[in-house]
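To start, the structure under review is shown below, and the notes come after it.
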Number of protein chains: 2
Amino acid sequence: MSSRTPGTEQPHAGSLRIGDVARLVGTTPRTIRYYEEIGLLPEAPARPSGRHRLYSDTEVERLREVMRLKDLLGVSLEELKTLLAAEDARAAVRAQLRREDVDSDRRQALLQEALGHIDRQLALVRRRAGELSRLEDELSETRKRVRRKMRELDAHAGATFAAPAPILQRPGGP
Amino acid sequence: MSSRTPGTEQPHAGSLRIGDVARLVGTTPRTIRYYEEIGLLPEAPARPSGRHRLYSDTEVERLREVMRLKDLLGVSLEELKTLLAAEDARAAVRAQLRREDVDSDRRQALLQEALGHIDRQLALVRRRAGELSRLEDELSETRKRVRRKMRELDAHAGATFAAPAPILQRPGGP
DNA sequence: CATCAAATTGACGTGAACGTAAGGATCACG
DNA sequence: CGTGATCCTTACGTTCACGTCAATTTGATG
């Protein structure tokens, strides 16, 4: 829809331009360049300075993950960078583990490290999730009280004419 | 500890100074003034311009709630303002409902409005909570895989000497 | 009432996270 | 090979959410 308006589609992945990526993940080229600039995203691999950046869908996924974490955890890009360092470390681990020529001790160490990273992220996520769920409970509670009051009022003063059906859909619906 | 260093304690609430409030909720006076400036907090009621602001613990609670929402929902102060307008509406409803001289129709309308506000907040909270919990699940899943891999590795190459006990505490613990 | 910590208004400064504009270079396409 | 759309870099501008400094007041206390 934008890289090459119509025409010969190269079906093999790996040739998305920055504008396409931006639209795919719902952001702007500037933001993507900025993330690269501050080291949140790796510089497009070995790109002759001045040429266009090219991305594969792997990188698109990565960017999606980055923005998701940023939004959900509400952390600064700097903090996010350390969190992603963790992800990268895990990626490195996976890469190393695929090779057979590393001894068990090393493998254990790598796994141990990965576990540490995961646990730190989990702690962060769990804390926020917990707080949010508490907030949700409080709101639900309040909601119930309001509903009850409405029913009471309807029963007392009502009976004159039928109350219009409550306009409620399950919250969370479409 | 700071308003009046030691001395005669006026045990009745309602005379906290801005610095005290700031410390109580973990922020700075500047932030409180700023929130007032942009209309997030009501101007301290009928304060002769130039005099010190005085707060009651009710207002402290309110501020706590504000900061909690800001943090948990990750919204701008402007968005937060509309959300709080909702809270204020509910407060108004409560106030009105305590008076007996409002007719049932009005009461129903107020309650209906309040319900709308609550539902909007609930939707927001539920969405975020859901996303966060999905993230949590994914992380837990990954964690399990890593643990499994570690055990496998330990079983295969291990048996040479006892592996040191894993340093794991329940995530979320102290 | 003198004093000193803490508050007030006003103004300017700041870091984060981009937006925007300028002047060229690239790239797919005809 | 021309051309228009997109991209490149550089650099300055902007918004949000406060921080900070200054000159002055307020207000509880010795």
Side-chain angles (χ1 to χ4, degrees), chain A residues 1-12 14-41 43-44 46-55 59 63 66-67 69-71 73-82 84, chain B residues 1-12 14-41 43-44 46-55 59 63 66-67 69-71 73-82 84:
Chain A
M1 199 188 277
S2 85
S3 70
R4 287 143 289 126
T5 321
T8 323
E9 292 272 336
Q10 229 175 328
H12 105 295
S15 43
L16 293 166
R17 318 201 348 197
I18 198 172
D20 305 327
V21 175
R23 260 183 306 278
L24 282 175
V25 307
T27 183
T28 75
R30 167 60 174 155
T31 296
I32 299 182
R33 290 198 203 96
Y34 179 61
Y35 285 5
E36 180 185 320
E37 185 184 331
I38 66 172
L40 239 185
L41 300 177
E43 332 194 1
R47 171 180 62 109
S49 170
R51 319 292 291 265
H52 292 183
R53 291 167 179 80
L54 289 185
Y55 300 89
E59 275 131 309
L63 180 52
V66 167
M67 303 189 67
L69 285 178
K70 178 202 161 187
D71 191 48
L73 301 186
V75 297
S76 75
L77 295 182
E78 203 57 35
E79 299 172 87
L80 194 51
K81 203 152 72 172
T82 67
L84 291 180
Chain B
M1 200 190 277
S2 86
S3 69
R4 288 144 292 125
T5 321
T8 322
E9 291 274 336
Q10 229 174 329
H12 104 295
S15 42
L16 293 167
R17 315 191 3 184
I18 199 171
D20 305 325
V21 174
R23 260 183 306 278
L24 282 175
V25 306
T27 183
T28 76
R30 167 62 173 151
T31 297
I32 299 181
R33 289 198 203 96
Y34 180 61
Y35 285 4
E36 180 184 320
E37 185 183 330
I38 65 172
L40 240 185
L41 300 178
E43 332 194 3
R47 171 180 61 109
S49 170
R51 319 293 290 266
H52 292 183
R53 291 168 179 81
L54 289 185
Y55 300 88
E59 275 130 309
L63 180 52
V66 167
M67 303 189 67
L69 285 178
K70 178 202 161 186
D71 190 47
L73 300 185
V75 298
S76 75
L77 295 184
E78 203 56 33
E79 299 173 86
L80 195 52
K81 203 153 71 172
T82 67
L84 290 180

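Quantities reported herein were computed from a predicted structural model and do not represent experimental measurements.
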Exercise. Under 3.5 Å, is there a donor-acceptor pair between the side chain of B/Lys81 and the main chain of B/Ile38?
Worked result: yes
For this session: Using five base pairs at each end, measure the axis-to-axis angle across the helix from C/dC1-D/dG30 to C/dG30-D/dC1 and round it to 10 degrees.
Result: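 For the helix from C/dC1-D/dG30 to C/dG30-D/dC1, the axes at opposite ends meet at about 10°.
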May I ask you to verify if any side-chain N or O of [X] is less than 4.0 angstrom from the OP1 or OP2 atom of [N]?
X	N	result
B/Tyr35	D/dA17	no
B/Thr31	D/dA17	no
B/Lys70	D/dC18	yes

Between [atom2] on [N] and [atom1] on [X], what's the gap in Å once rounded to a whole number?
X	N	atom1	atom2	value
B/Glu37	C/dC12	CD	P	14 Å
B/Leu77	D/dC16	CG	P	10 Å
A/Ile32	C/dG19	CD1	C1'	15 Å
B/Glu43	C/dT8	CD	P	13 Å
B/Glu78	D/dC18	CD	C1'	15 Å
B/Arg17	C/dA5	CZ	P	12 Å
A/Arg23	D/dC7	CZ	C1'	12 Å

Exercise. Under the salt bridge (Lys or Arg N to Asp or Glu O under 4.0 Å) test, which residues partner A/Arg51, sequence neighbours left out?
Worked result: none
Problem set entry | Taking every non-hydrogen atom, the tightest pair across B/Gly19 and B/Pro29 | CA-CG, 4.2 Å
Exercise. Could you go step by step and tell me if A/Met67 and A/Thr27 meet the side chain to side chain contact (heavy atoms under 4.5 Å, CB included) rule?
Worked result: CA-CA 9 Å; A/Met67 303 189 67; A/Thr27 183; 3.9 Å; yes
For this session: Check whether more than 12 heavy atoms from other residues, nucleotides or ligands sit under 6.0 Å from atom CD of A/Glu37, and answer yes or no.
Result: yes
Problem set entry | side chain to side chain contact (heavy atoms under 4.5 Å, CB included) evaluation trace for A/Tyr55 with A/Ile32 | CA-CA 11 Å; A/Tyr55 300 89; A/Ile32 299 182; 3.6 Å; yes
Quick one: which protein N/O atoms are closer than 3.5 Å to N/O atoms of nucleotides 8-10 of chain D? Pair and distance per line, please.
{"unit_1": "D/dC8", "atom_1": "OP1", "unit_2": "A/Arg53", "atom_2": "N", "d": "2.7"}
{"unit_1": "D/dC8", "atom_1": "OP1", "unit_2": "A/Arg53", "atom_2": "NH1", "d": "2.8"}
{"unit_1": "D/dC8", "atom_1": "OP2", "unit_2": "A/Arg33", "atom_2": "NE", "d": "2.9"}
{"unit_1": "D/dC8", "atom_1": "OP2", "unit_2": "A/Arg33", "atom_2": "NH2", "d": "3.0"}
{"unit_1": "D/dC8", "atom_1": "OP2", "unit_2": "A/Arg53", "atom_2": "NH1", "d": "3.4"}
{"unit_1": "D/dC8", "atom_1": "O3'", "unit_2": "A/Arg47", "atom_2": "NH1", "d": "3.4"}
{"unit_1": "D/dT9", "atom_1": "OP1", "unit_2": "A/Arg47", "atom_2": "NH2", "d": "3.2"}
{"unit_1": "D/dT9", "atom_1": "OP2", "unit_2": "A/Arg53", "atom_2": "NH1", "d": "3.0"}
{"unit_1": "D/dT9", "atom_1": "OP2", "unit_2": "A/Arg53", "atom_2": "NH2", "d": "2.8"}

Exercise. Which nucleotide in the set C/dA17, D/dA17, D/dG19 lies at the smallest distance from any side-chain heavy atom of A/Tyr34?
Worked result: C/dA17
Problem set entry | Distance-only polar pair, side chains of A/Thr82 and A/Glu79, donor-acceptor under 3.5 Å | no
Exercise. In terms of side-chain geometry, is the basic nitrogen of A/Asp20 or A/Arg23 positioned less than 4.0 Å from the acidic oxygen of its partner?
Worked result: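 Yes, this pair counts.
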Exercise. Does the pair A/Arg53 and A/Glu36 meet the rule for a side chain to side chain contact (heavy atoms under 4.5 Å, CB included), with working shown?
Worked result: CA-CA 11 Å; A/Arg53 291 167 179 80; A/Glu36 180 185 320; 2.9 Å; yes
